[in-house]
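The structure follows.
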Amino acid sequence: MLRRVGSSPTFRTSNDLDAGNLLPMSTHVSIQEVLEAAIVRALATLSSNGVLPAHVELPLTITLERPKNRDHGDYATSIALALAKSAGIAPRDIATALQAALLADAAVSKDLAAVDIAGAGFLNLTLAKASQGGVIASILTSGSEFGKSSTLAGVKVNLEFVSANPTGPLHLGHTRWAAVGDALGRVLSAAGAHVTREFYVNDRGVQMDLFGESIRSAALGIARPEAGYHGAYIEDIASAIVTTNPEFKELPEEQSIHAFRDAGYAIQLADQQRVLDNMNTHFDIWFSEKSLYEDNFFNHCLETLKKQGHVFEHEGAIWLRTTDFGDDKDRVMIKSDGSFAYFASDSAYYISKRERGFDVLIYMLGADHHGYVHRLKALASCAGDDPAKNIDILIGQLVKILENGEELKLSKRAGTIITLEELIEKVGVDAARYTLIRYPVDTPMVMDVDVLRSRTNENPVYYVQYAHARICGVLRNATDLGIDFGVDHIHPELLEHERERELIGALGEFPRIVASAAELREPHRIARYLEELAGTYHRFYADCRVLPLGDEPASELHSARATLCKSTAQVIANSLELLGVSAPEKM
RNA sequence: GUCCCAGUAGCUCAGUGGAUAGAGCGACCGCCUCCUAAGCGGUAGGCCACGGGUUCAACUCCCGUCUGGGACACCA
């Protein structure tokens, strides 16, 4: 993969000047980065000594790949293939020259056991054994910081997710974002971004009034409004309110509805907060829609938008001309009767986020809201922003839940689809979170309750947690046996078994996985990596005895392997932390 | 009608333009007198929906077709 000279990373902003303060963590330069720099130097050498014609544009950075096939070394690059055409030279000839330049580079030649040319012109690098230990040292010294990066340093991100109406319990439609959104927040933070997690509360409008009316009807024992809320939870809320405020029943109808509405809202919101908290999902800001209309804030937003020239009046209503930016129709903000359309809130909320200093606004929406994508991007344009840079909309497909082979649809309590809380009661927080996170959000998914309760390979969360618990067990035994392990016992030259090489290689990939998960907004990559890493560990464990057998005396190899185990446990724990899933020491 | 998403092993799904396309399940065959068998190994199973194009190189990018799912409001 080439990165062009002038192309600035998408998410950098002018705030970068402060970035230095945010990055005290890992200053360790990995062997991979050292080699990548060496290849760039080698290319420059080839250019200056005439092997490559002067007109060939050289990449300023390159990214080494990790070959799937171990016969292809520890790292590989196809740079010779990529440059062959513009250079007018056979790729294998470029590769040969590159090979010579690398081996002549004193800065890296000692790290390389072999530089091979393969296939059409791939350059395969095999590390010297002693040079593989760097990543282990780095993991052990960085600890829980290992994997963090500065790829998004200085970027202020507003991450909005869940944003359920406070008129009922959180249900299956919210669970995916509750897990994925929280994980994405963790991943973005690990990449150095300054993340604010926000829950938008729709606390005004017709739905709220219907909610109040429904509760009051339940309290009075009269029929609920047709379009109102019919779940059994309404009864619970009503009786809770009547217990503390019996007088609400006696108020005139409108006041009574409002009283029940406001009290019910407080109860329901608190309930949502409790459930999310139990799910290990946390928010920094609970943003009230109502507040957008307080203190003249909405008018201020309208003025701001007017200055950009896309606001107009038509048939007594105030519109935003979103069709200027690709929306399929213009959007009403203030209806002809003077009331606010929903888009008024969307607009003001957008302005609010930007004025609070966020560079990137991430919206996580359900598939049923995908029609919002165009209008939100157009809104960003209408506000004078660059939608490609300032706004990022993720659409999550639906989740189905299966039990005993049948789809669960109804929740007894909510009278709607199954609630988030019921899901957690069934499978537990770890299994629920992990499963929801491990799939890309743009594909529909099915959660099978029976699988999530099973303790086998088909339940990835246990597979991964088991690897961690297994290592912890080994390390406990190592300690009991008086085996030393840690930074002073890495002994990379002793770790020459194929399984050991694989494991070390997998550990070294972690920082790059985190960075790409952050840039692509795809936390599922962490889970997939984790499964890969756990599998690699289990295979290592099966083939490489860590602790002495019977009366066998302890050797440096035992220490080295225990140290490798310790660093693996650290990376597994760091990965699980990014997903908000626990890393048990015993299972 | 317009727009969005998907189509990869029998099933559920990974796969950020690279070499021989992967995992789990299901099927079949194996591995615990010793560190957690919630584990490991092996066999079988593929026209990466179809047709063009771009590229040294396409499951991956572009265009089109087919099939499946979803969305369209002066509702919230």
Side-chain angles (χ1 to χ4, degrees), chain A residues 1 63 65 67-69 71-72 76-78 80-85 90-91 118-122 124 165 167 202 204-210 227 289 314-319 328-337 339-343 345 366-374 395 397-398 438-440 442-446 448 451 454-463 465-467 469-478 480-481 516-517 519-520 522 524-525 527-528 531-532 534-535 537-550 552 558 561-562 565 586-587:
Chain A
M1 179 206 230
T63 300
E65 304 164 24
K68 283 172 270 183
N69 186 335
D71 295 339
H72 297 152
T77 177
S78 57
L81 290 157
L83 293 177
K85 180 130 193 203
F122 290 97
N124 294 334
N165 285 334
T167 53
N202 298 113
R204 65 179 289 278
V206 178
Q207 292 303 317
M208 285 305 294
D209 292 336
L210 272 172
E289 180 187 1
H314 177 66
E315 293 179 353
I318 306 290
W319 301 65
D328 50 356
K329 60 187 71 168
D330 293 324
R331 304 291 166 179
V332 170
M333 291 194 287
I334 305 179
K335 301 183 203 172
S336 48
D337 68 2
S339 63
F340 295 106
Y342 196 71
F343 197 65
S345 297
D368 53 340
H369 284 73
H370 99 256
Y372 281 48
V373 174
H374 280 119
I395 297 295
Q397 296 294 326
L398 303 180
R438 83 183 276 268
Y439 297 95
D442 54 8
T443 61
M445 65 168 291
V446 177
D448 188 321
V451 168
S454 73
R455 300 173 153 201
T456 64
N457 275 1
E458 63 183 314
N459 192 356
V461 64
Y462 285 115
Y463 182 80
Q465 288 182 316
Y466 177 60
R470 195 178 220 186
I471 296 173
C472 290
V474 170
L475 294 180
R476 279 191 298 270
N477 295 340
D480 290 346
L481 291 171
S516 68
E519 286 190 37
L520 297 167
E522 292 184 347
H524 78 273
R525 288 171 186 278
R528 298 294 171 164
E531 288 163 32
E532 195 77 42
Y537 180 79
H538 286 312
R539 284 188 290 278
F540 156 81
Y541 180 89
D543 288 356
C544 299
R545 175 81 200 183
V546 177
L547 302 177
L549 266 176
E552 188 186 352
H558 297 129
R561 285 182 169 167
C565 286
K586 283 183 183 175
M587 285 175 77

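Sequence lines set the chain letters: A, B, ... in the order given, protein chains first and strands last, and positions in each chain run from 1.
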Out of B/C56, B/U36, B/C35, whichever nucleotide has its closest atom nearest the side chain of A/V546: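 Closest of the options to the side chain of A/V546: B/C35.
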A/D71 (side chain) and B/A19 (base): donor-acceptor pair under 3.5 Å: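 Per atom types, no contact qualifies.
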side-chain hydrogen bond (donor to acceptor under 3.5 Å, both in side chains) evaluation trace for A/S345 with A/E289: CA-CA 7 Å; A/S345 297; A/E289 180 187 1; 2.6 Å; yes
A/M333 backbone acceptor or donor facing A/W319 side chain under 3.5 Å: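 No.
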Sugar-phosphate only, base, or nothing, as touched by A/G205 at under 4.0 Å among non-hydrogen atoms: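 The answer is sugar-phosphate, as A/G205 gets under 4.0 Å only of primed atoms, P, OP1 or OP2.
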Touch class at under 4.0 angstrom, heavy-atom based, for A/A469 against every strand present: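 It contacts base atoms.
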Ring-base stacking, A/F122 with B/A19 (5.5 Å, 30° cut-offs):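 Answer is yes, a stack.
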Side-chain N or O of A/S454 closer than 4.0 Å to phosphate OP1/OP2 of B/C25: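 Result: no.
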For B/C32, the Watson-Crick or wobble counterpart (both distances under 3.5 Å):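 Its partner: none found.
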Watson-Crick or G-U wobble mate for B/G17, both contacts under 3.5 Å: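 When the pairing criteria are applied, nothing turns out to pair with B/G17, so the answer is none.
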Ring centroids of A/H369 and B/A71 base under 5.5 Å with planes under 30°: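 No, aromatic ring not over the base.
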A/H538-A/R470 side chain donor-acceptor pair, cut-off 3.5 Å: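 Note: A/H538 and A/R470 side chains meet the donor-acceptor criterion.
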Exceeds 12 heavy-atom contacts within 6.0 angstrom, atom CZ of A/R455: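 Open: at most 12 neighbouring heavy atoms sit under 6.0 Å from CZ of A/R455.
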Opposite nucleotide pairing with B/C25, Watson-Crick or G-U, both atom distances under 3.5 Å: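 Matched B/C25 with B/G10 under the 3.5 Å cut-off.
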Centroid under 5.5 Å and tilt under 30°, A/Y541 to B/C35: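 Yes, A/Y541 stacks on the base of B/C35.
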Length of the OH-C1' vector between A/Y466 and B/C35, whole Å: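 Checked: the OH to C1' distance equals 10 Å.
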B/C48: syn or anti, per glycosidic angle within 90° of 0: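 That one's anti.
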Sugar-phosphate only, base, or nothing, as touched by A/H72 at under 4.0 Å among non-hydrogen atoms: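 The residue A/H72 makes base contact.
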Mate of B/C72 where both pairing distances stay under 3.5 Å, Watson-Crick or G-U: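 Answer to the pairing question: B/G1, which forms a Watson-Crick or G-U pair with B/C72.
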Any-strand Watson-Crick or G-U partner of B/G64, both distances under 3.5 Å: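 When the pairing criteria are applied, B/C50 turns out to be the nucleotide that pairs with B/G64.
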Euclidean distance for C1', B/A14 against B/C59 (whole angstrom):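 It works out to 12 Å between them.
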Main-chain N/O of A/T167 paired to A/N165 side chain as donor or acceptor, under 3.5 Å: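 No.
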A/R539, nearest nucleotide to its side chain (from B/C35, B/C74, B/G41):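 Given the options B/C35, B/C74, B/G41, the side chain of A/R539 is closest to B/G41.
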Nucleotide forming a Watson-Crick or wobble pair with B/A57, both distances under 3.5 Å: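 No nucleotide pairs with B/A57.
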